[in-house]
Number of protein chains: 2
Amino acid sequence: MTASRALRGAPDVSRENIDKVERAARETGYVGNPLATAFSNSKSNLIGVVVPSLNNIVFAEVMSGIAQGIDGSGLKPMFGVTDYDPVKEFELIKSLLSWNPAGLILTGLDQSEETRDLLSVAAVPVVQIMDTDGDALGAAIGFSHFQAGREMAQALIARGRRRFGYVGCGLANDLRAGRRLEGFKSALDAAGLALVAMRHDPEHSSTEAGRRITAEILHAHPDLDCIYYSNDDVALGGVFSCLAQGIAVGDALLLAGFNGLEMTRTLPVRIATTITPRRQIGFAAGRYLVEAKQGAPMRPNHKTVLPTVLSLP
Amino acid sequence: MTASRALRGAPDVSRENIDKVERAARETGYVGNPLATAFSNSKSNLIGVVVPSLNNIVFAEVMSGIAQGIDGSGLKPMFGVTDYDPVKEFELIKSLLSWNPAGLILTGLDQSEETRDLLSVAAVPVVQIMDTDGDALGAAIGFSHFQAGREMAQALIARGRRRFGYVGCGLANDLRAGRRLEGFKSALDAAGLALVAMRHDPEHSSTEAGRRITAEILHAHPDLDCIYYSNDDVALGGVFSCLAQGIAVGDALLLAGFNGLEMTRTLPVRIATTITPRRQIGFAAGRYLVEAKQGAPMRPNHKTVLPTVLSLP
DNA sequence: ACTGGTATCGATACCGTTACCGATACCAGT
DNA sequence: ACTGGTATCGGTAACGGTATCGATACCAGT
């Protein structure tokens, strides 16, 4: 017991014994067994990270931020991919919870009823990242996608754009993209405008789809002066389509994406985009769980809205 | 004990008791405690995944493949990021090993001596992914970067290119990029050629750096007819630089990248690239550990070379 | 000398599961 | 009836820590 206390830095151990134990541990190459500790405490230093996809640089950056946020804390991240499937998400969270993790990082606020019940029973700190439109289970760290869509539309209208198209790509259950579109449309509506054309492709390959659909929508509606895309990957396809066809992007036709991928700043033409704080979101989520582990009070239903930045040509 | 055996599908349980136990488990909502199991067995169903970076879509895709490969097996991946730092890698692997994982997936074959010692002591299945140039600790699944560089150079020479430049970007300890360059140079050498110009930038932001350095190298060496890049991200910067300056890519100047990112196929100009089987590598690594868990024999020092595909304009 | 308080220490039990091994039941063969 | 084999079952200990709590030592105050 004295050794256990000494190595953990627990109180009630004399200076002398702390030194003795540390020396002995060093000499024998002793390393603790986190499995035994976790088993004994019914509480592990694992955290669960649940993302919908890893085919997109966005969630990789978030995970990179998480890794940074928990660095040095002793927490170890486990991850799982849901493919935007609520049932998979439920199963995944259930299996992560069985490890008695020190916390969970989930994507979005749209977990199923079943999942919410599961989480409310388990006394585990939960962070929901990327989104703040809705009711949070635990802490929510992200931004409003509705607002992001709205602000983009307002800025584009302020730049004199009037004939808007929308090009989406990806699974229909990417609810956050849906909310951006809703926000976008609400701002158009407020200005007495409406989408002139809208295309959606469930295809996975987003840049390729963006290129193809952009060509289609412009063929059908050559008078569009702005296209809003579900994200930058799709928008890049739009840029390439225009470049290939010799359409002057940014002038007659303005393209707007979402995420603020580095590449949008390096293109030979400028596009509009919303720069999202992905790494910071991951970092903050990681920090939150570190603090929770160290006994910081939970913040159920507390939303941390990180700023997004509009980048306009 | 009978219940434990029944739930695990172990032998020596009567049909009748299996049914009884399963019914009781369902009725009481019993779920096993993986921590206790792992503790009791000194063997967890966790696997460790160690990647150098998550700022690049490449490793995200690998992790996506891993997640797919282990799906349904009960294995759960833990991940860590080394930032290309061998010391961090050592510490990370040490801490992952303390969880008695069912396996480890490491990136590359260039672990430090200390790390190799650590792994040879631990009786844990190891898969080293992405690279097959060197000595494998366990199973190696990937391809030869040297060979990839060489094949690209040979193909470019066959297309009549003669005045080659190289533009690299990223940390100096990205050894795989270094080996591609070595392979590239060896093929040039074999053809009696040599690099006319070579630039390297340790900067992180690869597309932006690619754009800048391409402009520089072309300013200094306007007579280059081909530029080889450390990867597609950098090459895309090169494409954007040329597009911005009105240089005809693919004609007077051929650009060659590496990885075969989807975007290289969607650009308004074609570039050369080596399509790498990233997802398959992750998938195969995951499968290997699943099979190891199920008792398949280890394949120490066994290399699985997956094919890369040259994509040329 | 006695009391009460504080600092430190360590024996014991327990966390939930599984390895191990002995017990039991039943059957076929003699 | 007895033996040996097979199928099944469950008691016990063990995995490596930590919570708990009683024991001990020492000191100050009376």
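Residue A/T2 has no polar side-chain atom (N or O) positioned under 4.0 Å from OP1 or OP2 of C/dC9. Put simply, A/S14 has no side-chain N or O that comes within less than 4.0 Å of OP1 or OP2 on C/dT8. Side-chain N/O atoms of B/S4 include one lying less than 4.0 angstrom from OP1 or OP2 on C/dT18.
Atom-to-atom, CH2 of B/W99 to C1' of D/dC15 comes out at 15 Å; the value is rounded to the nearest Å. In this structure, CG of B/D12 is placed 13 Å from P of C/dC20, rounded to the nearest angstrom. Taking atom CZ of B/R8 as the reference point, atom C1' of D/dT8 lies 15 Å away to the nearest angstrom. When the P atom of C/dT17 is taken as reference, atom CG of A/L35 falls 14 Å away, rounded to whole Å. In this structure, B/N17 places its CG atom 14 Å from C1' of C/dA25, rounding to the nearest Å. Between the P atom of D/dT18 and the NZ atom of A/K43 lies a distance of 16 Å, rounded to the nearest Å. The nearest whole Å value for the distance from the NZ atom in B/K20 to the C1' atom in D/dG10 is 13 Å. The nearest whole Å value for the distance from the CE atom in B/M1 to the P atom in D/dA7 is 18 Å.
Closest non-hydrogen pair, B/S44 versus B/P101, comes out as OG-CA, 3.5 Å. Smallest separation of non-hydrogen atoms from B/E89 and B/T107: OE2-O, 4.2 Å. Residues B/S53 and B/Y84 share a closest heavy-atom pair of CB-CE1, 4.0 Å.
Tested against A/I281, the residues A/I105, A/I66, A/I129 include a single side-chain contact (heavy atoms from CB on, under 4.5 Å) partner, A/I129. Of the residues listed (A/T132, A/D133, A/D131), the one engaging A/S144 in a side-chain hydrogen bond (donor to acceptor under 3.5 Å, both in side chains) is A/D133, and it is the only one.
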Yes or no on side-chain contact (heavy atoms from CB on, under 4.5 Å) for B/R176 and B/D174, after CA distance, side-chain angles and deciding distance? CA-CA 6 Å; B/R176 285 176 289 286; B/D174 180 353; 3.9 Å; yes
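Pairing of C/dA11, defined by two Watson-Crick or G-U wobble distances under 3.5 Å, is identified with D/dT20. The pairing partner recorded for C/dT3 is D/dA28, the criterion being a Watson-Crick or G-U wobble arrangement whose two distances lie under 3.5 angstrom. The nucleotide D/dG11 finds its pairing partner in C/dC20, both defining distances of the Watson-Crick or G-U wobble pair being shorter than 3.5 Å.
To the nearest 0.5 angstrom, B/I47 atom CD1 is 10.5 Å from B/M78 atom CE.
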Protein and nucleotides 14-16 of chain C: nitrogen or oxygen contacts under 3.5 angstrom:
none

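The base of C/dG10 sits with one of its N or O atoms less than 3.5 Å from a complementary donor or acceptor on the side chain of A/R5.
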